[in-house]
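So the structure is just underneath, and the comments pick up after that.
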Amino acid sequence: MSFCDRVYTIVAKIPKRKVATYGQIARLSGNAKAARAVGMCMRTNPFAPQVPCHRVVGSDGSLVGFSGGEGVSTKKSMLLKEGVRFTKDKVDIVRSQWNTGVS
DNA sequence: AAACTGACTTCTC
DNA sequence: GGAGAAGCCAGTT
């Protein structure tokens, strides 16, 4: 069980039409400052369809990362199909950020 | 085992 | 508001 495994589990739990930030996942995984490590785990992503890495965005909803297809463009398209609201080139983090249950 | 890199975040200018 | 620099973590070489 490695840090990445926790990340995969958390990302896999992101509800549809919602997105989470690397920092948030890092925090949920136990290391608030491991945002970078989270990104690396996503890049490794041994659970591609199982772990919706496209639902993971930057701290401000910015489409960072994603090495597949057309990059952020494909990521954006997938999120749009998921029903995630977009503001120009960024996810409407205000409306679509994953609420972990912490009020 | 050590050093480098990377899908990040945040502060300061 | 935009650009630049520093800090942290885990994985890969």
Side-chain angles (χ1 to χ4, degrees):
Chain A
M1 195 64 162
S2 302
F3 174 78
C4 288
D5 293 313
R6 276 187 304 241
V7 176
Y8 300 136
T9 305
I10 293 164
V11 175
K13 281 172 188 152
I14 300 175
K16 291 185 183 242
R17 295 164 71 265
K18 293 268 175 170
V19 296
T21 68
Y22 288 94
Q24 186 169 8
I25 293 164
R27 197 158 86 96
L28 293 172
S29 65
N31 296 312
K33 297 171 183 142
R36 282 181 106 168
V38 175
M40 177 167 290
C41 296
M42 293 293 97
R43 191 189 188 213
T44 326
N45 194 8
F47 303 92
Q50 195 175 149
V51 179
C53 37
H54 60 268
R55 281 187 205 155
V56 186
V57 299
S59 60
D60 196 18
S62 309
L63 272 58
V64 290
F66 207 73
S67 304
E70 298 299 306
V72 298
S73 304
T74 304
K75 185 169 179 174
K76 181 181 172 190
S77 300
M78 285 194 284
L79 288 170
L80 284 168
K81 285 177 72 171
E82 295 272 318
V84 177
R85 283 170 178 271
F86 262 76
T87 304
K88 284 173 161 282
D89 297 15
K90 295 194 187 96
V91 177
D92 191 343
I93 198 70
V94 183
R95 296 234 262 171
S96 300
Q97 182 171 37
W98 180 29
N99 188 334
T100 57
V102 183
S103 301

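Letters go in sequence order (proteins before strands), and every chain restarts at 1.
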Discussion item. Has A/Q24 got a side-chain atom pairing as donor or acceptor with A/W98's backbone, closer than 3.5 angstrom?
Written reply: yes
Worksheet item: Looking at CZ of A/R95 and OG1 of A/T87, how far apart are the two atoms once the value is rounded to the nearest 0.5 Å?
Response: 9.0 Å
Item to complete: Using whole Å, report how far OH of A/Y8 lies from C1' of C/dA10.
Response: 10 Å
Worksheet item: Is any side-chain nitrogen or oxygen of A/N31 closer than 4.0 Å to OP1 or OP2 of C/dA10?
Response: yes
Worksheet item: Which listed nucleotide (B/dT9, B/dT5, B/dA7) is nearest to the side chain of A/M40?
Response: B/dT5
Fill in: Length of the line joining A/I14:CD1 and B/dA7:C1', which is rounded to integer Å
13 Å
Worksheet item: How close or far is atom C1' of C/dC9 from atom CE of A/M42, stated in whole angstroms?
Response: 14 Å
Discussion item. Categorize A/A34 for me: base, sugar-phosphate, or nothing, with a 4.0 angstrom heavy-atom threshold over every strand shown.
Written reply: sugar-phosphate
Item to complete: For the side chain of A/S67, starting at C-beta, report the closest nucleotide among C/dA10, B/dT9, B/dA7.
Response: B/dA7
Worksheet entry | Length of the CZ-C1' vector between A/F66 and B/dC8, whole Å | 17 Å
Worksheet item: A/F3 near the nucleic acid: base, sugar-phosphate alone, or nothing, with a heavy-atom cut-off under 4.0 Å?
Response: sugar-phosphate
Worksheet entry | d(CG, A/L28; C1', B/dT9) in whole Å | 16 Å
Worksheet entry | Between C1' of C/dC9 and NZ of A/K33, the distance in whole Å | 10 Å
Practice prompt. Give the rounded distance in Å between these two atoms: CG of A/D60 and P of B/dA7.
Written response: 19 Å
Response to the item:
Side-chain contact check for A/S2: nearest option of C/dG11, B/dT9, C/dC9 is C/dG11
Worksheet item: Are A/K75 and A/V57 side-chain neighbours, meaning at least one heavy-atom pair lies under 4.5 Å?
Response: yes
Discussion item. What's A/C4 touching, base or sugar-phosphate or nothing? Going by heavy atoms closer than 4.0 Å.
Written reply: sugar-phosphate
Worksheet entry | A/D92 CG: over 12 foreign heavy atoms closer than 6.0 Å | yes
Worksheet item: Quick one: which of C/dG7, B/dA7, C/dA10 gets closest to the side chain of A/R36?
Response: C/dG7
Worksheet item: Whole-Å distance between C/dC9 P and A/D5 CG?
Response: 19 Å
Item to complete: Keeping the roles fixed (side chain from A/R6, backbone from A/S29), state whether a donor-acceptor pair exists under 3.5 Å.
Response: yes
